[in-house]
2 protein chains.
Amino acid sequence: MSKKKATIKDIALKVGVSATTVSNVINKKGGRVSKEIIDKVNDAIKELDYKKNYSAQSLVINKSNLIGVVIPQTEQTRELLLYNPFYSEFISALEYEFRQNGYNIIVSGSPKDENNINNLLRWNVDGVIILGIYEEAFYENIKKMDIPVVLVDTYTNDEYFYNIRIDDEYGGYLATKYLLEKGHRNIGIITGILKKNGVAEKKYNGYKKALEEYGISINEEFIYEKSVDYEWGYEAGNIIAKQKNHITAIFATADIIASGLFIALFENNIIVPQQMSVIGFDNTFLGKLTIPSLTTINQNIRNKAVISAKTMVDILNNKQIKNKTNILSVDLIERNSVIKNI
Amino acid sequence: MSKKKATIKDIALKVGVSATTVSNVINKKGGRVSKEIIDKVNDAIKELDYKKNYSAQSLVINKSNLIGVVIPQTEQTRELLLYNPFYSEFISALEYEFRQNGYNIIVSGSPKDENNINNLLRWNVDGVIILGIYEEAFYENIKKMDIPVVLVDTYTNDEYFYNIRIDDEYGGYLATKYLLEKGHRNIGIITGILKKNGVAEKKYNGYKKALEEYGISINEEFIYEKSVDYEWGYEAGNIIAKQKNHITAIFATADIIASGLFIALFENNIIVPQQMSVIGFDNTFLGKLTIPSLTTINQNIRNKAVISAKTMVDILNNKQIKNKTNILSVDLIERNSVIKNI
């Protein structure tokens, strides 16, 4: 008969203190634990041959049932990106799914410094969900926490992390190809900064690939690269309206960009789609607010959130995860913002 | 010289356990604390004459630096209301303000049962921010936690709570009076359920008051009461378009309602504002997305969130709070969705 693995609970019972105290000693966390207790806990750890392990089975008593959720924060607004419905819709579905499984979420803007990561993680969260991409040092710090991390919309080859994302390049390809099939040849793209391995770059690569298939070379003038927000969509729309560079269709790489673009085109008396076709990306709630309604790439945000939560819950319940990277499908939603170019 | 008050830290040092263990004993929380330790802690409490107190000064060591934030959740969507930009903009600003002060927030949908409250509160949050109104039992449960609670957009006379809100009745009055001044007499109102002491009822009272000032009696047919979302704005817009009951202006009691209304009117070939004037409420980001832009009541959501966070931080830092109820001002933002009725 094999010996049962020792748990924090066993150590706590042996020493006669709370599991939290034991956990604090093991994780070298603050709290005013006397030297005497620390020694006793360490003795018991050796005696019972306790091994640290973050699966739920072994740590039942040490579970916080809290999940940290990190959302990008731009310097520009200095606030959470919940203004972008992509994030608010994602968080809504994520929170609900976690709550059904007995977890609550701590939502935090992305840390700009190491201190901030520690802030988020000192609560002894069971796991972390991270949206977007950050500096390398950020990931290295997260790894030190030794808890499960699910990255959403990140392209990484690091074996430590679980990944949930879509095929952004394919989405960009799909959007651009649709415009090409509708007879457009001068196609603008409004995008956030094209960071290496970021989703913006992937979407741009899809745009390029579709154009290449049609034998069209990239026109640098048609690339409007700055940020993913209403303001940039609006600004880029005003630039395009003034340039008169024969663009007949625009790939707005996020619905939030398209929403600003629509207003700028309206103010410049450019009618969508008769004088300008527009395709978005995300399929947020915003696509229902524009007039005309927005043709867009659907990435099923709710499903992405639910799968992110389920993956984390499965990891914490020690279930087998088939693939560390889960790539979700995208499709095109045809509405009324694209017309045939004649 | 007066005796210094005993703190949890003092008890922890005396007994030789962590402050968390002491706190668990005091708050009768789970954890595996031995009978022996519980007795020792209780003895020390008596001996040192410790008094429970939730001010930061006395509990420094027991602070979680976590704030619970409860957002309403409708049965309909079964998810957080972050779809309504009022909530996402509020949470964005709230999270940022708390983070600057060293706090993180646990965001949770509103509990439908008692169990769920306990879920949220078992993390030993330092305080709770609650948006919207709930059943009486919910507040009674919250009070048992013995931590500071800031209610946002609630009308209560309970001395236990701190309140941050606007004067919703005045806002409703302002919106309706503006339409009356523009010559409108048949004014519809699209609103959520008119619950006693809810913000919807207050806005409706303001609508009624303005009409009364103009000697106009309430026409029940002009009241469209159901829910605060895009869907109801859209549905009500379709009803109004078909009824032909001579309504020339509509008070949409939330921007999110107005956004759905705009689409329904567009689809029914009713031009805003030429054939129908519309005024919103909230001044969210949505008012920039409609065509034409939305005239609305501005409640400065960011300011409301910042003041809510600051109030909580002040309470936790034991600062004097002048008034338990803080009523913030509203004003009218004139854009392009209301026209003179001739």
Side-chain angles (χ1 to χ4, degrees), chain A residues 9 12-13 16-21 24-25 30-34 36-37 61 64-66 68-69 73 77-83 85 87-89 91-93 95-96 99 102-109 116 119-120 122-123 230 234 259-260 262-263 266 285-286 288-291 293 302, chain B residues 9 12-13 15-21 24 30-34 36-37 61 64-66 68-69 73 77-83 85 87-89 91-93 95-96 99 102-109 116 119-120 122-123 230 234 259-260 262-263 266 285-286 288-291 293 302:
Chain A
K9 195 171 151 183
L13 281 171
V17 293
S18 73
T20 311
T21 301
N24 284 343
V25 173
R32 292 276 174 178
V33 188
S34 69
E36 192 195 334
I37 297 286
I61 204 163
S64 68
N65 281 61
L66 284 174
V69 179
Q73 178 188 306
T77 65
R78 293 174 53 86
E79 281 173 11
L80 278 185
L81 282 192
L82 291 179
Y83 284 77
Y87 291 102
S88 50
E89 294 178 18
I91 296 294
S92 293
E95 190 275 341
Y96 183 75
R99 187 149 38 91
Y103 293 87
N104 277 118
I105 61 171
I106 299 180
V107 182
S108 177
N116 227 326
N119 245 3
L120 178 66
R122 70 178 146 154
W123 319 128
Y230 172 92
Y234 182 78
S259 74
F262 265 64
I263 302 299
F266 171 78
F285 165 66
L286 291 175
K288 294 200 294 184
L289 299 184
T290 56
I291 295 176
S293 57
R302 180 186 295 222
Chain B
K9 196 171 151 181
L13 281 170
V15 182
V17 293
S18 72
T20 311
T21 300
N24 284 343
R32 293 275 173 177
V33 188
S34 69
E36 193 194 333
I37 298 286
I61 204 164
S64 68
N65 282 61
L66 284 175
V69 179
Q73 177 187 306
T77 64
R78 294 174 51 85
E79 281 173 12
L80 280 183
L81 283 191
L82 292 178
Y83 284 77
Y87 291 101
S88 50
E89 292 177 20
I91 296 293
S92 293
E95 189 275 340
Y96 183 75
R99 186 148 39 91
Y103 293 87
N104 277 118
I105 61 171
I106 298 181
V107 182
S108 177
N116 225 328
N119 244 3
L120 177 67
R122 69 179 150 156
W123 320 127
Y230 172 92
Y234 183 78
S259 74
F262 265 64
I263 302 299
F266 172 77
F285 164 67
L286 291 175
K288 293 200 295 184
L289 299 184
T290 55
I291 295 177
S293 57
R302 181 186 296 221

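Numbers restart at 1 for each chain; the letters A, B, ... are given by sequence-line order, proteins then strands.
B:I37 and A:G16 make their closest contact through CG1-O, 3.1 Å (heavy atoms, listed as atom of the first residue, atom of the second, distance). Contact between B:E95 and A:V107 at its shortest, heavy atoms only, is CG-O, 3.5 Å.
Contact of A:T290 with chain B is made through the backbone alone, with heavy-atom distances under 4.5 Å.
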Might you work through the side chain to side chain contact (heavy atoms under 4.5 Å, CB included) test for A:L66 and B:I106, ending with a clear yes or no?
CA-CA 9 Å; A:L66 284 174; B:I106 298 181; 3.5 Å; yes
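At a threshold of 4.5 Å between non-hydrogen side-chain atoms, the residues B:Y230 and A:L289 count as touching.
To the nearest 0.5 Å, the span separating CZ on B:F266 from OG on A:S293 amounts to 8.5 Å.
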